[in-house]
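Let me begin by presenting the structure, written as structure tokens, before commenting on it.
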Amino acid sequence: MANKGNTVSRVSEIITPYAKELGLDIWDIRFVKEGTDWYLRIFIDKNGGVSIDDCVDFTHAITKPLDDADPISQSYMLEVSSPGVERELITDSHFEKYIGSPIMLRLIRPIDNTRDFSGILADYNNGEITVELKDKSMLNVKKKETAYVKLDDFDFNDFNQEI
């Protein structure tokens, strides 16, 4: 059994071949404790979007291999889902894929008393995010200075109307 620090990478090694076989990508894996319960949350994606059938099929495909490998010492709940419309951008490849897309981000420390920003992801380079804000100004922040960066599909029409 792996220790907690290696749990996500070990789970990734086990499940990635099954995802590829089903035409899925692993978007993110999170092993988190909420209250007294542990959750293994696996977010899957594919071109054209993920259906409930994709989630069910993937859950069935990985349950036995995870049980056999036993990478997690405590009991946990397995959850498989889509990353959703307002998906969080986490890896470099996520940022690179969505350059030109509307995003919202929250900073850890505010700039001019503001923590929340939205705009178009103009660039991502070496951990630095460049966002074109609605007023056409540019915001440059380091990824490590953000609490989160998510796609902002709900605000896209509003943004286009103001341009």
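Quick note: numbers below take in every heavy atom, side chains included, and nothing from hydrogens, waters or symmetry partners. Owing to the predicted nature of the structure, the values given are computational and were not obtained by experimental measurement.
Rounding to the nearest 0.5 Å gives a distance of 9.0 Å between CG of L151 and CG of L121. If you take CG on L40 and CD on Q74, they are separated by 10.5 Å, rounding to the nearest 0.5 Å. One distance of note links OG1 of T59 with CD1 of I42; it measures 7.5 Å at 0.5 Å rounding. Here the SG atom belonging to C55 is positioned 5.0 Å from the CD1 atom belonging to I52, to the nearest 0.5 angstrom.
Under a hydrophobic clustering in which Ile, Leu, Val, Met, Phe, Trp and Tyr are joined whenever their side-chain heavy atoms come within less than 4.5 Å, directly or via other members, I72 and I14 fall into the same cluster. Residues I111 and I103 share a single hydrophobic cluster, defined by chaining ILVMFWY side chains whose heavy atoms lie under 4.5 Å apart.
Not a single side-chain contact (heavy atoms from CB on, under 4.5 Å) links S75 to another residue, sequence neighbours left out. Annotation: side-chain contact (heavy atoms from CB on, under 4.5 Å) contacts of R115 (sequence neighbours excluded): R106, P110. Contacts of D123 classified as side-chain contact (heavy atoms from CB on, under 4.5 Å), with partners at least two apart in sequence or in another chain: I99, N125, T130. Residues that satisfy the salt bridge (Lys or Arg N to Asp or Glu O under 4.0 Å) test with E128, not counting sequence neighbours, are K142. Every residue two or more places apart in sequence or in another chain that forms a side chain to side chain donor-acceptor pair (under 3.5 Å) with K64 is listed here: D68. Taking S137 as the reference, L133, D135 meet the side-chain contact (heavy atoms from CB on, under 4.5 Å) condition, with sequence neighbours excluded. Partners of F58 according to the ring-ring contact (aromatic ring centres under 6.0 Å, His included) rule, which considers only residues two or more places apart in sequence or in another chain, do not exist here.
Shortest non-hydrogen contact noted between M104 and D152 is N-CB, 3.8 Å.
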Name each donor-acceptor pair under 3.5 Å that joins a side chain in residues 15-23 to protein atoms two or more places apart or in another chain, with its distance.
residue	atom	partner	partner atom	Å
T16	OG1	S12	O	2.6

Let me check something: any side-chain donor-acceptor pairs from residues 44-51 under 3.5 Å, sequence neighbours excluded? List them with distances.
residue	atom	partner	partner atom	Å
D45	OD1	R87	NH1	3.4
D45	OD2	R87	NH1	2.7
K46	NZ	D54	OD1	3.2
K46	NZ	D54	OD2	3.0
S51	OG	D53	N	3.3
S51	OG	D54	N	3.1
S51	OG	D54	OD2	3.2

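Within the structure, every pair that satisfies the ring-ring contact (aromatic ring centres under 6.0 Å, His included) test and touches residues 64-119, not counting sequence neighbours, is listed here: W27-H94, F95-Y124. Sorted by first and then second residue, the ring-ring contact (aromatic ring centres under 6.0 Å, His included) pairs involving residues 130-149 (not counting sequence neighbours) form an empty list. The salt bridge (charged side-chain N to carboxylate O under 4.0 Å, His left out) contacts involving residues 29-41 comprise D28-R30, R30-E88, E34-R41, R41-E79, where partners must be two or more places apart or lie in separate chains.
Of the possible polar contacts, one joining the K143 side chain to the I90 backbone as a donor-acceptor pair under 3.5 Å is found.
Within a 6.0 Å radius of CG in D116, more than 12 heavy atoms belonging to other residues, nucleotides or ligands are found.
Side-chain contact between P71 and L66: present, with at least one pair of heavy atoms (C-beta onward) separated by less than 4.5 Å. Side-chain contact check for I62 versus L78: some heavy-atom pair is nearer than 4.5 Å. The shortest distance between side-chain heavy atoms of S101 and I120 does not fall below 4.5 Å. Within the 4.5 Å cutoff, the side chain of V149 has heavy atoms near those of the I129 side chain.
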| query | Given F43 and S82, is the side chain to side chain contact (heavy atoms under 4.5 Å, CB included) satisfied, shown in steps? | reply | CA-CA 5 Å; F43 300 91; S82 159; over 6 Å; no
